[in-house]
Amino acid sequence: QPLVPLGPGHAVTVYPWLDCAAGDFGEQLPAGDRLTLVTMLASLHNATSLAGAVAPVRPPGLAGRDDLAAALGDLGQPWLGGPYGEAARRLLAQHAAGLDRALTRFGELTGQALRTGPLVLTHGEPHPGNIVRSRSGTLHLIDWDTAGLALPERDLWDVAAPGSAEAAHYSELTGRAVSPVAAEAYRIRWALDDIRLAVRDFHGPHERTPDTEETWATLGEELARISG
């Protein structure tokens, strides 16, 4: 439960201390851990009735799409807000056609995905960086600030691809099949979100820091992936 509000968007929350080793965002989970994670996600999704009345809805649409559109419309002008501005503008211009196709495809998939089934209680970011392992080997899912009601594939697109053993395990536990349409929509959305956030930073004032260096690398990777 939140303990102390800190303005309109944040609060202090205290959780039990866990003596665990943290995972890494880019880590590849072993098959056994993937099945364990799917089991946890299935339990969460099956618990929707316990918190669905108070959980926020997390729409599948792309937040901040107007910011991305504004940046795409400003490719003819220099981006002089910081060291990555011009490089980001040139990179975005190089991939503008592919990005436009991805945005169109995402819009089509989102409309179809919303017809695939009811919303469930989701975590939102169950990647290896949000998984910690206790000394006994037990996995714990952390970082619940984006939890909310959404299609199951919001949690499953990267860990239980349609047709995989993980997807079959999820279906056994929930009685629901993983939707290929919804899974693809969330896969594209993840990439678009990374691109949008990077473009937002580099389109405006910024400095060279370890964070912006990582953002620059991510922008190149995601633009290449989404345009391929």
Side-chain angles (χ1 to χ4, degrees), residues 6-11 22-28 56-111 113 122-131 142-148 150 153-155 157-158 182-228:
L6 297 176
H10 299 86
D24 182 76
F25 177 79
E27 179 182 349
Q28 187 71 26
V57 175
R58 305 295 187 186
L62 182 66
R65 184 165 180 165
D66 290 346
D67 294 337
L68 184 56
L72 287 169
D74 200 26
L75 292 177
Q77 302 294 327
W79 293 8
L80 304 178
Y84 291 101
E86 275 295 272
R89 182 183 66 85
R90 290 192 294 269
L91 184 64
L92 194 61
Q94 177 185 341
H95 292 278
L99 180 56
D100 186 63
R101 288 194 298 270
L103 286 166
T104 300
R105 177 63 174 156
F106 175 68
E108 296 169 349
L109 289 169
T110 300
T122 61
H123 176 277
E125 297 181 315
H127 54 70
N130 283 336
I131 297 171
I142 62 171
D143 192 6
W144 291 83
D145 61 309
T146 63
E153 290 76 15
R154 182 180 187 233
D155 284 342
W157 67 270
D158 193 40
E184 185 181 356
Y186 279 106
R187 178 185 62 80
I188 295 175
R189 180 191 169 175
W190 186 275
L192 289 175
D193 263 333
D194 278 347
I195 292 168
R196 175 186 65 82
L197 292 171
V199 169
R200 180 200 64 186
D201 288 349
F202 297 145
H203 189 213
H206 64 278
E207 299 178 356
R208 186 183 300 275
T209 67
D211 283 343
T212 55
E213 289 177 4
E214 183 174 347
T215 299
W216 170 248
T218 298
L219 177 61
E221 292 167 2
E222 296 298 350
L223 281 172
R225 183 177 293 116
I226 212 165
S227 301

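Just so we're clear, the structure is a prediction, and the values are computed from it rather than from any experiment.
- With Arg189 contributing its side chain and Phe106 its backbone, the two residues share no donor-acceptor pair below 3.5 Å.
- Side-chain atoms of Thr122 come within 3.5 Å of backbone atoms of Gly148 as a donor-acceptor pair (strictly under, hydrogens ignored).
- By the 4.5 Å heavy-atom criterion applied to side chains, Pro128 and Gln28 are not counted as neighbours.
- Side chain of Asp155 to backbone of His123: a donor-acceptor contact under 3.5 angstrom is found.
- A donor and an acceptor atom, one from each side chain of Asp74 and His203, are located under 3.5 Å apart.
- Glu153 and Arg187 are not joined by a salt bridge, as no carboxylate oxygen comes within less than 4.0 angstrom of a charged side-chain nitrogen.
- Although no hydrogens or angles enter the test, the distance criterion places no donor-acceptor pair under 3.5 Å between the side chain of Arg200 and the main chain of Leu68.
- Results of the side-chain contact (heavy atoms from CB on, under 4.5 Å) test with Trp216 over Leu91, Asp201, Asp211 single out Leu91 as the only residue that passes.
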- Hey, mind stepping through Asp143 and Glu125 against side chain to side chain contact (heavy atoms under 4.5 Å, CB included) and telling me if it holds? CA-CA 8 Å; Asp143 192 6; Glu125 297 181 315; 4.1 Å; yes
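- Under a 3.5 Å cut-off, the side chain of Thr215 and the backbone N or O of Ala198 do not form any donor-acceptor pair.
- For Glu27, the CD atom counts as densely surrounded, since its 6.0 Å shell holds more than 12 non-hydrogen atoms of other residues, nucleotides or ligands.
- For residues 217-228, every residue pair satisfying the side chain to side chain donor-acceptor pair (under 3.5 Å) rule, not counting sequence neighbours, is listed here: His95-Ser227, Glu222-Arg225.
- Under the 3.5 Å distance criterion, the side-chain polar atoms of His10 are left unmatched by any main-chain donor or acceptor of Pro8.
- Considering only heavy atoms from C-beta on, Leu92 comes within 4.5 Å of Leu99 through its side chain.
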- Could you please spell out the steps behind the side chain to side chain contact (heavy atoms under 4.5 Å, CB included) verdict for Val199 and Asp67? CA-CA 8 Å; Val199 169; Asp67 294 337; over 6 Å; no
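- Two residues are said to be in side-chain contact when any heavy atoms from C-beta on lie closer than 4.5 Å; Tyr186 and Pro60 meet this criterion.
- Sorted by first then second residue, the side chain to side chain donor-acceptor pair (under 3.5 Å) pairs that include residues 77-89, not counting sequence neighbours, are Tyr84-Arg208, Glu86-Arg89.
- Using cut-offs of 30° and 60° for the angle between ring planes, the His127 and Trp190 rings count as perpendicular.
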- For Leu192 and Leu103, what are the C-alpha separation, side-chain angles and deciding distance, and is it a side chain to side chain contact (heavy atoms under 4.5 Å, CB included)? CA-CA 8 Å; Leu192 289 175; Leu103 286 166; 3.8 Å; yes
- Message: As a quick check of understanding, evaluate side chain to side chain contact (heavy atoms under 4.5 Å, CB included) for Leu219 and Asp194, giving each step before the final call.
- Response: CA-CA 7 Å; Leu219 177 61; Asp194 278 347; over 6 Å; no
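- The two residues Ile188 and Ala102 make their nearest non-hydrogen contact at CG2-O, 4.0 Å.
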